[in-house]
Amino acid sequence: MTTVPIPEDWPATEEQARAVQEELRARLVLDEIGPPPGTGHVTGVDVAYDDERDLVAAAAVVLDAASLAVVAEATAVGRISFPYVPGLLAFRELPAVRAALDALPCPPGLVVCDGYGLAHPRRFGLAAHLGVLTGLPTIGVAKNPFTFTYDDPGAPRGSMSPLVAGAEEVGRALRTRDAVKPVFVSAGHRVSLDNACAHTLALTPAYRLPETTRRADARCRRALREAVRAA
DNA sequence: GCGACAG
DNA sequence: ATCTTGTCGC
């Protein structure tokens, strides 16, 4: 387990945070397909909080993309860097996520975020932001449609429908298990939406949520309990 | 102005 | 995200 550093230039206000998003958005790479599913590494990242004690814990869990076996993992614990504000989630989660990724003993490959990438008010959600900061290929898989709309996909696993903002397709509602509520996939950095959906299906052989996020969620919660116990 | 709103 | 009991089902 490592410690989370809060960057010196981290925004202190929502105003500054929004300005950072507008600026970094220009560096987002959207013309790459990304790595093919089932090869190399796939890494899940997630964060847990204890607002009372001002504690944050993040985990990065690396899976072998073919077998979905855990290859490596790392955790980071520190202080909360930003409040939760819809549209500014990245400023709350990124310092901890980056610290966990930096502590990994091997390359993460594709990174799967718990949240959105392009599907965002300014088209620069958590996954897009993480991708620009690290250069890594990233995608976002969220549990809720946020402010976007969609038509319910067909019942069979693999069915999908566009997640839209007005007339723009910002992501996709993807059914990962038969007749179970869909997940909401969006491209992050250097990965196409089609490929992001293919990866999500490859990561959901048994549950609604990707194995990457399930593993990372369990791991960061444990790291948080241990940090609370020690504090 | 009011309500909704990833995690 | 987090607070929380039982309960239905494989």
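Reckoned from all heavy atoms, side chains included, excluding hydrogens, waters and symmetry mates. Throughout, protein chains are lettered first and strands after them, A, B, ... in sequence-line order, and every chain is numbered starting at 1.
What separates OH of Tyr49(A) from P of dA1(C) is a distance of 10 Å, to the nearest Å. Between the CG atom of Asp50(A) and the C1' atom of dG7(B) there is a distance of 15 Å, rounded to whole Å. One atom, CZ of Arg225(A), and another, P of dA1(C), lie 16 Å apart when rounded to the nearest Å. Distance CG (Leu55(A)) to P (dA1(C)): 17 Å, rounded to an integer number of Å. In this structure, Phe148(A) atom CZ and dC5(B) atom C1' are separated by 10 Å, rounded to whole Å. Rounded to a whole Å, the CZ atom of Arg53(A) is 13 Å from the C1' atom of dT2(C). Put simply, OH on Tyr116(A) is 14 Å from P on dA1(C), counting in whole angstrom units. Rounding to whole angstrom units, CG of residue Leu126(A) and P of dG7(B) are separated by 10 Å.
A single hydrophobic cluster is seen to contain both Leu68(A) and Val42(A), as judged by linkage of ILVMFWY side chains at heavy-atom distances under 4.5 Å, directly or through other members. Val183(A) is not connected to Leu118(A) by any chain of hydrophobic side-chain contacts under 4.5 Å among Ile, Leu, Val, Met, Phe, Trp and Tyr, and they are in different clusters.
Cation-pi check for Arg123(A) over Tyr116(A) is not met; the charged atom does not lie both under 6.0 angstrom from the ring centroid and within 45 degrees of its normal.
Other residues, nucleotides and ligands place no more than 12 heavy atoms under 6.0 Å from the CZ atom of Arg27(A). Within a 6.0 Å radius of CD in Glu22(A), other residues, nucleotides and ligands contribute more than 12 heavy atoms.
The side chain of Thr147(A) sits closest to dC5(B) out of dA6(B), dA1(C), dC5(B).
Between Arg219(A) and Asp46(A), none of the side-chain N atoms (NZ, or NE/NH1/NH2) sits under 4.0 Å from a carboxylate O, so this pair counts as no salt bridge. Using a cut-off of 4.0 Å between Lys/Arg side-chain N and Asp/Glu carboxylate O, Arg214(A) and Glu211(A) are scored as salt-bridged.
Ala119(A) comes within 4.0 angstrom of nothing in the nucleic acid, heavy atoms only. Base engagement by Leu88(A) is indicated by at least one non-hydrogen atom pair under 4.0 Å involving a base atom. Note on Asp51(A): nothing from the nucleic acid sits closer than 4.0 angstrom, heavy atoms only. Counting any heavy atom pair closer than 4.0 Å across all strands shown, Gly140(A) reaches no nucleic acid atom.
One finds a side-chain N or O of Asn144(A) lying less than 4.0 angstrom from the OP1 or OP2 phosphate oxygen of dG7(B). Taking side-chain N and O atoms only, Arg221(A) has a distance below 4.0 Å to OP1 or OP2 of dA1(C). Phosphate contact (OP1/OP2 of dA6(B), side-chain N/O of Lys143(A), threshold under 4.0 Å): absent.
Taking the six-membered ring wherever Trp is involved, the centroid distance between the rings of Trp10(A) and Phe82(A) does not fall below 6.0 Å. Two rings, from Phe146(A) and His120(A), have their centers 6.0 Å or more apart.
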Report summary line: Under a 4.0 Å heavy-atom criterion, the protein footprint on nucleotides 4-10 of chain C, written with B, S and -, is -------
Query raised in the report: Pairing of DNA chain C as dot-bracket, 5' to 3': ( ) intra-strand, [ ] crossing, | other strand, . unpaired, with Watson-Crick or G-U pairs under 3.5 Å?
Result: ..........
Requested in this report: Carefully, step by step, assess Val164(A) and Tyr150(A) under the rule side chain to side chain contact (heavy atoms under 4.5 Å, CB included).
Outcome: CA-CA 6 Å; Val164(A) 300; Tyr150(A) 67 100; over 6 Å; no
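Here Tyr84(A) counts as stacked on dG7(B): its ring centre is under 5.5 angstrom from the base ring centre and the planes meet at under 30°.
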